Each structure stands twice: as structure tokens, then as C-alpha cells.
There are 2 protein chains.
Amino acid sequence: MDDAAEIPRPRPPRRTDIRRENERVILEAAEKVFAEAGFGGATMQLIADMAGLPKANLHYYFATKEDLYRRVVENIFTIWLHAADSFDTAADPATGIGAYIEAKMRISRQHPFGSKVWASEVMHGAPVIQDYLEGTLRSWTEGRVKAIQRWIDEGRMAPVDPRHLLYMIWATTQHYADFGHQIETLNGGRPFTDRQWKAATESVKAIILRGIGLSTAD
Amino acid sequence: MDDAAEIPRPRPPRRTDIRRENERVILEAAEKVFAEAGFGGATMQLIADMAGLPKANLHYYFATKEDLYRRVVENIFTIWLHAADSFDTAADPATGIGAYIEAKMRISRQHPFGSKVWASEVMHGAPVIQDYLEGTLRSWTEGRVKAIQRWIDEGRMAPVDPRHLLYMIWATTQHYADFGHQIETLNGGRPFTDRQWKAATESVKAIILRGIGLSTAD
DNA sequence: GTATCCCTTGACCATACGGTCAGGAAAAGA
DNA sequence: TCTTTTCCTGACCGTATGGTCAAGGGATAC
């Protein structure tokens, strides 16, 4: 995509990438700090230190703390949405829902900070991303609800309220990120190993799939 | 216990109750503010305003912001623990686990602020209540895990990992408090009615109980 | 070379925060 | 009534925070 001499002036963005790279570093640091301290507890100085940049430099790329925070939350929201793709590609409910649970568990492991920032934002009344809740999330949810209802109507799974099923999947999978510290403490202070993550995923899948009348075809 | 003329001086605490009452008012306001703004975002002034007291009066009853916060979290923890009583009184797994889910759903409805403060505390690495996690919560969990494992060994329920079952119950029930705003938004911006809370509770119970091999004896 | 543009940053500012304190009000005890 | 204890609170303080700004690099374009 870069080398294609499609445009006469390829314009190699050697120094323009400074912006992209610095924004990436800042966003990564911000995600962690916001997750660990909350919006109110996070300070620009802390984020700057973690990013290895002077505080004034943060304000060069992000005008305000709110702007930076919004970008972090938006990034997370995008990840959530992409995780749902697996839902659509499968026509079989067990495969679709199972894959969705697996994807969400994977995200909980790979993006625990993002999950926490999202949780914090929603818990505080979603002051920043209320529009996402009312727009994208609502329509996405309605689409999924209809898909599940169709499966139910076709007798392919037990008649459960699709919304509460979705909430259960969200709650359970995100719990392993949001309450990771509690789980780690109850795990003897040690973080989950690969094997334990796999076991957790299988446990969640097993209970939920059986709970909606689908055999756990491992 | 008060009227019993056991002690010569019954000492009617007419004005000493000022302390108790004010502490109650402050704690109630603090729970709400900490839940809505997080520890870092909450200010003593905000709590004072919500309690209808001057800020300096708060510091008369609670030396520091941390002290006040700790009391709030401790109160919530106590509520959590009492909710688990239903678990023990029933010998039948379906009844015991069902009653536990019902109790936790009831708490999510009645103490949403407390649930959020707890979630926030754990998400931030439990800086204040780590000792509770390692002490009371861990031993409580181990007791429950053994009880569930016994049921499994006796063939009275499906062989699932008791820990992940507990996590699922915690996650799902608390989700209705912690993510209440998101659920409300997806509910057309209206909070759950009595009927909807009942339906949610039944949905959660149905999926989980069926998921662990227990018929949903409504 | 040199003008231009993007980037960098130390120093600074107004504000708001948690917390203190002294002095007074009000009740309880004698 | 007088004393003591508890409660109340306006005014204040040091600090830390989000944000600003002006002066200065340093690479690129001409």
C-alpha cells in the first residue's frame, strides 16, 4: 500500500509520523492511567511521566484532559464493536454465541485497561459517550436481539430474553478484566496463566451455552 | 435492650444521637458522590453540599477523605457478606444458588451506589480494602467453593468450576447495578420497573441454573 | 542560505482542593 | 447557675492541578 506508485508524489511521511507515534504513546499511557486512577484521579503529569514526555507536550497533541479521555474511550468502543463480528459470520447459534464469548474473553485479557475505562465511564453516567450508547450501541444491540430472537423462534435455542443474555455475556466476560485484581487475589495473588484463561473461557461458554439450551460441543 | 433497667443510669442518648445521625447522612451522601465521581473525582465540598452540612463539619466526623471513603466501602462489604446467608440455609443447590442470585439482584437494585463504589475500588487495585480481599473474601469464597464442589461430587449439579460459577453470579448480578446507566439507556432511557427487575432476576436464574444442570423450578 | 513549518518545553498562572483552626453555640452535667 | 463537653463553622493555608505561553530547536522546501 505504501510502495504502490499510484500517486506521483508518494510523500514519505518521515517526520509527520512523529505525530502519529506520539499520539499512540500518549494514548497508551493515558489508557493505563485513566484505568488505574479514574478520570478524576488521573493527572496529566502522571500520563506525561508514563509516556516519557513533558506535560506541555501532551497539551500540544491533546488540547484538554477531556479530549484525551474521549479519544481513549472511543478507541475502546471501536474494539468492542469489532469483537462482535464473529456473531454475524456464524449461522449456528452455538457457534456464533460461543465465538462471541471467546472474542470478548480475549479482549478482556488483551485490553484490561480499556475495559476498565469503559466501565468507569458508564458507571459515572457516561458523561462523555452518552451519544455512543444511544446511537451505535443501541442499534447494534437491537440487531443482535433480533438475530437471537430469530434463533429462538426457529426453536434452535431455549426461549430466553435476548437482552438479558447479552447483558450476561457482557458482564461475565468483562468481569475478568474489570475485576481482574479481585480474581487475581482469589487466585493466590497470581495472574491467570494461559491454561487458566482457557479454562475460564470454556467454563463461561459451557454454562451460558447450556443455559440457553445448546449442547457444549467442545 | 434500651428500656431494660439493667443499669442504674439508662442514659437516654438524646443528643448523642446527633453523631450517629450526622454520620449516617454524611455516609449516605458520600456513597452517592463516590459512586458518581470516583474517589479522585469526588470532593469533600460536593459531599458536604449533598449532605447539607458545611465542609468543616465533615472533617469533624471524618478526619480525612480516605477515612470517609473507607467507611463507605466497609459498609458495602458488610452488605455483600450478609447477602450470602441464603447460600448456607439451603441444602438443595437449586434453592441455595437461586436464592443467592435473588439476594444479589435485590442488592443491585437497592444499593447501586455501593456496588459502584466497590467496583471502582477493585478496578483501581483495591488500595483501601486489599486486606478484606485477602482475608474475609478469600475464606468466604473457599467455603462456598467447597460447598459447590460437594454438590458436584454428589452428582446434584453439572461439573463446573465453582469459582467461575461464582464469578459469573457476581458479574451478572452486579452488572445491573454497575452498568445500570447503560441498561437504562438500552431500555429506552427508562429505569427498570418492578416487573422488569423480576424478569431480569428470572432470566439470570433460568440461564445460570440451567447452565449448571439444574431445572428451573419456578 | 534561509524561510517555513512542525515540534518541544521550562516557566508560569489561576483555580480548586484537602485539611486546619480558633472561636463560638448549644447541650449536659453539677 | 456555672462548668464541661460536644458540636458547629467561616476563614484561612499550602499544595497540586489543568492549562497557557513564549522562546527556541530542527528538519524540509525553495
Side-chain angles (χ1 to χ4, degrees), chain A residues 7-27 29-34 36-73 117 120 124 127-128, chain B residues 2 7-27 29-34 36-73 117 124 127-128:
Chain A
I7 314 169
R9 222 208 301 161
R11 187 188 292 179
R14 214 169 310 178
R15 270 292 162 277
T16 311
D17 278 352
I18 289 180
R19 177 162 221 106
R20 211 188 310 274
E21 172 62 11
N22 277 344
E23 284 184 356
R24 196 192 59 78
V25 170
I26 293 169
L27 283 168
E31 181 177 307
K32 194 170 180 183
V33 173
F34 281 133
E36 287 176 349
F39 177 79
T43 71
M44 294 299 271
Q45 189 61 62
L46 239 131
I47 296 170
D49 291 347
M50 181 150 295
L53 295 170
K55 194 187 72 170
N57 209 353
L58 261 67
H59 282 99
Y60 174 75
Y61 289 106
F62 300 92
T64 69
K65 188 183 176 186
E66 280 82 1
D67 284 349
L68 178 52
Y69 177 74
R70 182 166 240 273
R71 280 286 301 274
V72 169
V73 179
V117 176
S120 208
H124 297 354
V128 170
Chain B
D2 287 310
I7 314 170
R9 223 205 305 159
R11 189 187 290 179
R14 214 169 312 178
R15 271 292 162 277
T16 311
D17 278 353
I18 289 179
R19 176 162 223 107
R20 211 187 313 273
E21 173 61 12
N22 277 344
E23 284 184 355
R24 194 191 61 78
V25 169
I26 293 170
L27 284 168
E31 181 177 306
K32 194 170 180 182
V33 173
F34 281 134
E36 288 176 348
F39 177 80
T43 71
M44 294 299 271
Q45 189 61 61
L46 239 131
I47 296 171
D49 291 348
M50 182 149 295
L53 295 170
K55 193 186 74 169
N57 209 352
L58 261 67
H59 282 99
Y60 173 74
Y61 289 107
F62 299 92
T64 69
K65 188 184 177 185
E66 279 80 3
D67 284 349
L68 178 53
Y69 177 75
R70 181 165 242 273
R71 281 285 300 274
V72 169
V73 179
V117 176
H124 298 352
V128 169

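If you're wondering where the values come from, they're calculated on a predicted model, not measured in any experiment.
Distance B:Asn22 CG to D:dT6 P: 15 Å, rounded to the nearest Å. If you measure from atom CD of B:Glu21 to atom P of D:dC8, you get 11 Å, rounded to the nearest angstrom. Remark: P of C:dC6 and CG of A:Leu53 are 19 Å apart, rounded to the nearest angstrom. In this structure, the CG atom of B:Asp17 is 14 Å from the P atom of C:dA27, given to the nearest Å. Look at CD1 on B:Ile26: it is 11 Å from P on D:dC7, rounded to the nearest Å. Taking atom CG of A:Leu68 as the reference point, atom P of D:dG18 lies 11 Å away to the nearest angstrom. In this structure, A:Tyr61 atom OH and D:dG19 atom C1' are separated by 18 Å, rounded to whole Å. In this structure, B:Glu23 places its CD atom 12 Å from C1' of D:dC7, rounding to the nearest Å.
Donor-acceptor pairing under 3.5 Å, judged by distance alone, is present between the side chain of A:Lys55 and the base of D:dG19.
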A:Phe34 and A:Ile47: CA distance, side-chain angles, deciding distance, side chain to side chain contact (heavy atoms under 4.5 Å, CB included) verdict: CA-CA 9 Å; A:Phe34 281 133; A:Ile47 296 170; 4.1 Å; yes
Give the intermediate values and the outcome of side chain to side chain contact (heavy atoms under 4.5 Å, CB included) for residues B:Tyr69 and B:Thr64. CA-CA 9 Å; B:Tyr69 177 75; B:Thr64 69; over 6 Å; no
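Residues from residues 40-47 of chain A lying near DNA chain D, meaning a heavy-atom separation below 4.0 Å, are A:Ala42, A:Thr43, A:Met44 in numerical order.
Within the nucleic acid shown, B:Phe62 has no heavy atom closer than 4.0 Å to any nucleic acid atom.
Taking only side-chain nitrogens and oxygens, B:Arg19 never comes nearer than 4.0 Å to OP1 or OP2 of D:dT6.
Distance from the side chain of B:Ile18 is smallest to D:dC8 among D:dC8, D:dT20, C:dG19. With distances taken from any side-chain atom of B:Asn57 to the nucleotides D:dT9, D:dC7, D:dG19, the minimum falls on D:dT9. Distance from the side chain of B:Tyr60 is smallest for D:dT6 among the nucleotides C:dT8, D:dT20, D:dT6. Closest to the side chain of B:Ala56, from the set C:dG10, C:dG19, C:dC21, is C:dC21.
Ion pairing of B:Arg24 with B:Glu21 is present here, as a side-chain N (NZ or NE/NH1/NH2) and a carboxylate O approach within less than 4.0 Å.
Heavy-atom contacts from other residues, nucleotides or ligands closer than 6.0 Å to NZ of B:Lys32 number 12 or fewer.
Using a 4.5 Å cut-off on side-chain heavy atoms (C-beta onward), A:Leu68 and A:Met44 make contact.
Legend: residues meeting side chain to side chain contact (heavy atoms under 4.5 Å, CB included) with B:Arg70, ordered by chain and number and at least two apart, are B:Glu74, B:Val128, B:Asp131, B:Tyr132.
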Could you go through residues 49-62 of chain B and list every donor-acceptor pair under 3.5 Å that involves a side-chain atom there, pairing it with any protein atom two or more places apart or in another chain?
from: B:Asp49; atom 1: OD1; to: B:Gln45; atom 2: NE2; distance (Å): 3.1
from: B:Tyr61; atom 1: OH; to: B:Asn22; atom 2: ND2; distance (Å): 3.0

